There are 2 protein chains.
Amino acid sequence: MREVTTAQTPTRNRGSRRTEILDAAARLFAARGFHGVSIEDIGAAVGTSGPALYRHFSGKEALLAEMLLDVSERLHASAADRVTAASDAEQALDALLNGQIEFALGHPALITVHDRELGNVPEPARRQIRRLQRLYVEEWVTVLSELYPGCPPARLRAATHAVFGLLNSTPHSAGELPPEAMAPLMRAMARAALAEAGN
Amino acid sequence: MREVTTAQTPTRNRGSRRTEILDAAARLFAARGFHGVSIEDIGAAVGTSGPALYRHFSGKEALLAEMLLDVSERLHASAADRVTAASDAEQALDALLNGQIEFALGHPALITVHDRELGNVPEPARRQIRRLQRLYVEEWVTVLSELYPGCPPARLRAATHAVFGLLNSTPHSAGELPPEAMAPLMRAMARAALAEAGN
DNA sequence: CGGTGAGGTTAATGATGACTAACATCCTCG
DNA sequence: CGAGGATGTTAGTCATCATTAACCTCACCG
């Protein structure tokens, strides 16, 4: 029972436990759903048992809230960065697509939890997450509006959600194709779908 | 507390309670997840209280199993019918798309539960559902293979899953667009995405 | 040294929830 | 009428679970 965990220098350990827990919890939540996972399960997944988690998070819901807040922030910030760095709408859309694809393929559990478990986040954080999600969508809609001026925003918003559905499906159909083949395929399909939506 | 429920003739009631329960449960499961819904919740949703459900289903998991089995069967049967009725691969694909879109827009809760809760179905039924889902996908892949011969089936399978992701996202982005506008948009986007995947 | 704080541990505690039991209704069919 | 079945009801029972309490350990800083 030594639990030596490959001794790291204390300074390199900064917050490592928290993120380790968040990672494990994300995988479990993605697989069995928020209510299908117990605190004990999460503890076991990181080699401690149950109530140790309360040294790092104030509760199960708080853990979920932090997880989703972090994802929303990363997605939104990355999108904002990429869009302002792009020189035209074409490139901006490419950058948005790449960002979403990288994230979906790189963090399948987080993406899954992100679009299933918002309902279990308690109210203070819930609103904040929704806000970031909305901003993220608007980032896409703005770029698409520039690219397809005649197209009503409501239609572009629906198309954006549909493309998220397409891209976020990769976690579930994992294994069909290696990621090196999956990424370009998703990019091509998403682009084609958006072009069609824009008319 | 009379609960008169607009008296129906007994014969017209055949199995109505079961399906009423399944409908309510689907909505609840879609909104809060299998483990986030109690038997008591489901009972309340159909105007009875809790344990009355055991007169109709042997338990919560059995209820879910029946729900998912029914969906898989309907999807697969409808797909098989439509494909054999079609005169060529083009029309077959159209028919498959229309079927999936109708179902996703017509039964959003069922679609949501169908691709989230398989993991909570106990083993005898789980295998059966998986089998039907696989057959359903193969129905699509067969049609697509005919339409895009050079394209490796693994790629077509991945593309099919992606399109399901796109089409099944409609329940979540509900309200963006009226269904009369949503259906053609989804059809157009899915077609374009598949054409791109087929090269 | 000594104490303090971070991170764990194992036992409560208190809800909640699935499922069962025992007991009504009431409709139907003989 | 009267037995039977279908369908409910309420009150357990037994697990599971989130959360808290009370107690350890040990690295580090004075």
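Everything numeric in this text was worked out from a predicted model, so none of it was measured. Proteins come first, then strands; the chains are lettered A, B, ... in the order of their sequence lines, and each starts at number 1.
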Quick one: is the NZ or CZ of A:Arg18 closer than 6.0 Å to the six-membered ring centre of A:Phe57, and within 45° of its axis? yes

Just how far, in rounded Å, is C1' of C:dA18 from CD of B:Glu40? 11 Å

Judged by each residue's nearest nucleotide on DNA chain D, which is more toward the 5′ side, A:Ser58 or B:Gly50? B:Gly50

Under a 3.5 Å cutoff, is there a donor and acceptor pairing between the side chains of A:Asp81 and A:Ser78? no

Nearest-neighbour nucleotide for the A:Arg17 side chain, C:dT10, C:dG8, C:dC19 considered: C:dG8

A:Phe34 CZ to D:dC17 P, in whole Å, measures 13 Å

With a 4.0 Å cut-off on heavy atoms, is A:Val37 in touch with a base, just the backbone sugar-phosphate, or nothing at all? sugar-phosphate

Can you tell me how far P of D:dA18 sits from CG of A:Leu53, to the nearest Å? 10 Å

Measure from the side-chain heavy atoms of A:His56 and tell me the nearest of C:dA18, C:dA21, C:dG7. C:dG7

Output yes when B:Arg191 and B:Glu90 qualify as a salt bridge under the 4.0 Å nitrogen-oxygen rule, no when they do not. yes

Measure the distance from CZ on B:Phe57 to P on C:dC19 and round it to the nearest whole Å. 13 Å

To the nearest angstrom, the CD-C1' distance between A:Glu61 and D:dC17 comes to 13 Å

Distance in angstrom units between B:Glu20 CD and D:dT7 P, rounded: 12 Å

Among the nucleotides C:dC19, D:dT19, C:dG8, whichever has the atom closest to the side chain of A:Ile39 is D:dT19

Output the rounded distance in Å from CG (B:Leu63) to P (C:dA18). 11 Å

Could you check whether B:Gly59 gets within reach of a base, just the sugar-phosphate, or nothing at all, counting any heavy atom under 4.0 Å? sugar-phosphate

Nucleotide nearest B:Arg55 (side chain, heavy atoms from C-beta), chosen from C:dC23, C:dT20, C:dG17: C:dC23

Atom pair distance, as rounded to whole Å: NZ in A:Lys60 and P in C:dT16: 15 Å

Mind listing the closest non-hydrogen atom pair of B:Val143 and B:Leu93 along with its distance? CG1-N, 3.8 Å

Between A:Phe164 and A:Trp140, how do the two ring planes meet: parallel, tilted or perpendicular, split at 30° and 60°? perpendicular

